[in-house]
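Just so you know, ligand 1 is whichever comes first in the structure, and atom 1 is the first atom listed for that ligand. Atom set for the values below is all heavy atoms of this structure, side chains included, hydrogens, waters and symmetry mates excluded.
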Amino acid sequence: MTRATRYDLVVAGAGIAGAVVAERAASRHGWRVLVIEHREHVGGNAADCIDEHGILVHRHGPHVFHTNSSAIREYLSGFTEWKPYRHRVEASLDASLVPVPVNFNSIDLLFSPPRARQLQRLLVSTYGEGAEVPILLLRNSTEPIVRRFANKVYEEIFLPYTVKQWGLLPEELDPSVTARVPVRLNRDDSYFTDAFEAIPSTGYSAMIEKILDHPKIDVALGVDFHSPGGLPSGTLALYTGQIDRYFDYKHGPLPYRTLSFQFQYQAGGLVQAAPTVTYPSHPSCTRSCEYRQLTGQDAAGTSRSFEFPGPHAPGETVPYYPIPTKASRAQYQLYAAEAKRARNVVFCGRLGRFQYLNMDQAVGQAMKTAETICMGSR
Ligand code: UDP
């Protein structure tokens, strides 16, 4: 039997989106699925591994699972136990470390006590206690004191970080990007506020391996979907790679940002004030993550990753982030129209749909996509 006849579905990419579609198709619908992955491991950019010092690190930067969806939490809980977790981030500014999202604790550190109190009162009376206000909105406040505060936060925390991360000004990006980290009008230092936040207790790779561990799923590692023999022709495909690459860049390459990572080990105890520290004014590094603070692992030393964003070079670097702008959305629509016309292929995930998705959103989208495919509406 040839590959084409052996499988009901070929999934390109063993990241979280591809794994979930494969699992749903196999276990809910009894489909035989082949998952093709060009890397030598599953898990995509959520993959983790034990480093040479015995510490579990995230190969592609920190991943923290958080969701408000009980359906998504319950689905993943079938494949992992969880370690409850609450992510915290501090921005390293010239004089101090301040909690991010900027909140009343940050304001206390940035201003004198009378000024901080005045600002907090004014913010609460304008937006309400506990409100989360995007920085770009706050900069338009009609209240000069609020505007001055917003401009300080914008200039010290958002502007340099965002230009370094995206190569664009905050205003040039879809407003949802900076709105991910709003100014929060209370003393909650949590980075996320979702109902459920946790780390898979044996790691993301173990969870995704378990998702793929099904008698009707075969996984082929180190195989490029685009190489000769990579794509079994005639079989329905679920593609989680770059949609522009799939269509040979016929409407031009979509814009992505890449990352490079430097991992550093230090003997002794924990060294960071928070699991993630951001460095808005550093010339090239955006943030560092100390993994033992995420995993709760005990060890004789501590491993950290430092992230360095840059422009993505097609075929050379890893596309980590679709760059969401008006122009890129319009360009993506050209590819989405191609996708609609294409027979036998469906697109899913961050790269397949050119969307800045969190992990839970990627899982939710994959669950829906699997139903659409398997119920024959595509
Ligand atoms: N951001 C910032 N300064 C910070 C943290 C975040 O300017 O100290 C902005 C920046 O534009 C970033 C966006 O907020 O890209 C979203 O941050 P998030 O931590 O959600 O990014 P991710 O973890 O997805 O890279």
Side-chain angles (χ1 to χ4, degrees), residues 16 44-46 58 60-67 85-94 96-103 105-106 109-110 132-139 150-184 189-194 197 199 204 255-261 272-282 284-289 291 294 305-310 312 318-325 328 349-351 355-362:
I16 202 154
N45 291 340
H58 297 173
H60 304 277
H63 282 69
V64 176
F65 184 79
H66 56 99
T67 191
Y85 179 69
R86 194 176 76 112
H87 195 46
R88 282 187 312 107
V89 175
E90 304 231 347
S92 171
L93 306 181
D94 284 347
S96 57
L97 283 166
V98 303
V100 174
V102 167
N103 62 47
N105 295 328
S106 326
L109 291 163
L110 291 169
E132 298 203 320
V133 193
I135 189 67
L136 296 181
L137 208 79
L138 216 52
R139 288 185 81 212
N151 285 336
K152 180 179 170 68
V153 168
Y154 174 85
E155 274 153 27
E156 292 186 21
I157 299 182
F158 282 89
L159 180 63
Y161 186 109
T162 302
V163 167
K164 188 165 46 180
Q165 169 73 12
W166 298 97
L168 293 171
L169 298 171
E171 296 75 14
E172 293 174 308
L173 290 159
D174 189 281
S176 60
V177 174
T178 42
R180 289 168 66 90
V181 186
V183 173
R184 188 181 292 151
D189 283 341
S190 310
Y191 200 62
F192 305 111
T193 53
D194 287 359
E197 183 178 350
I199 308 276
Y204 288 100
Y256 303 89
R257 289 295 274 180
T258 192
L259 294 173
S260 58
F261 295 93
Q272 286 195 178
T276 290
V277 174
T278 68
Y279 307 99
S281 61
H282 188 278
S284 55
C285 178
T286 44
R287 63 185 173 187
S288 60
C289 174
Y291 288 97
L294 260 66
S305 63
F306 292 80
E307 271 172 57
F308 301 85
H312 169 60
V318 178
Y320 282 95
Y321 294 89
I323 305 178
T325 63
S328 70
R350 252 193 195 207
L351 301 176
Q355 284 173 340
Y356 187 1
L357 299 173
N358 292 332
M359 277 184 288
D360 66 325
Q361 295 169 320

K164 side chain vs Y279 backbone, donor-acceptor pair below 3.5 Å: yes
Nearest-contact summary for atom 25 (O) of ligand 1 - protein heavy atom, Å: Y321 OH, 2.4 Å
Main-chain N/O of P99 paired to S106 side chain as donor or acceptor, under 3.5 Å: yes
Selection from Y279, F192, Y154, Y161 by shortest heavy-atom distance to atom 12 (C) of ligand 1: Y161
Polar atom proximity, Y356 to ligand 1 (N or O, under 3.5 Å): yes
Top protein contact for atom 11 (O) of ligand 1, by heavy-atom distance: T162 OG1, 2.8 Å
E172 (side chain) donor-acceptor with L169 (main chain) under 3.5 angstrom: yes
Under 3.5 Å donor-acceptor, S190 side chain and T193 backbone: no
Exercise: do T278 and E90 side chains pair donor with acceptor under 3.5 Å: no
Side-chain donor/acceptor of Q361 to backbone N/O of N358, under 3.5 Å: yes
Polar contact flag for T278 and ligand 1 (N/O pairs, less than 3.5 Å): yes
Contact atoms of ligand 1, heavy-atom distance to Q165 under 4.0 Å: 15 (O)
Ligand-residue contact atoms, ligand 1 with V177, heavy atoms, under 4.0 Å: 13 (C), 14 (O), 16 (C)
R139 with E171: basic N within carboxylate O range, under 4.0 Å: yes
Taking atom 15 (O) of ligand 1 as the reference point, the nearest protein heavy atom with its distance: W166 NE1, 2.8 Å
Option nearest atom 23 (O) of ligand 1 (shortest heavy-atom distance, choices E90, R287, K164, R180): R287
Per-residue contact class, I157 against ligand 1 - non-hydrogen pairs under 4.0 Å: both
Heavy-atom proximity to atom 14 (O) of ligand 1, best of V98, V102, V181: V181
Verdict with reasoning, Y320 to H60, per side-chain hydrogen bond (donor to acceptor under 3.5 Å, both in side chains): CA-CA 9 Å; Y320 282 95; H60 304 277; 2.7 Å; yes
Numbered atoms of ligand 1 (with element) below 4.0 Å of Y191, judged on heavy atoms: 17 (O), 18 (P), 19 (O)
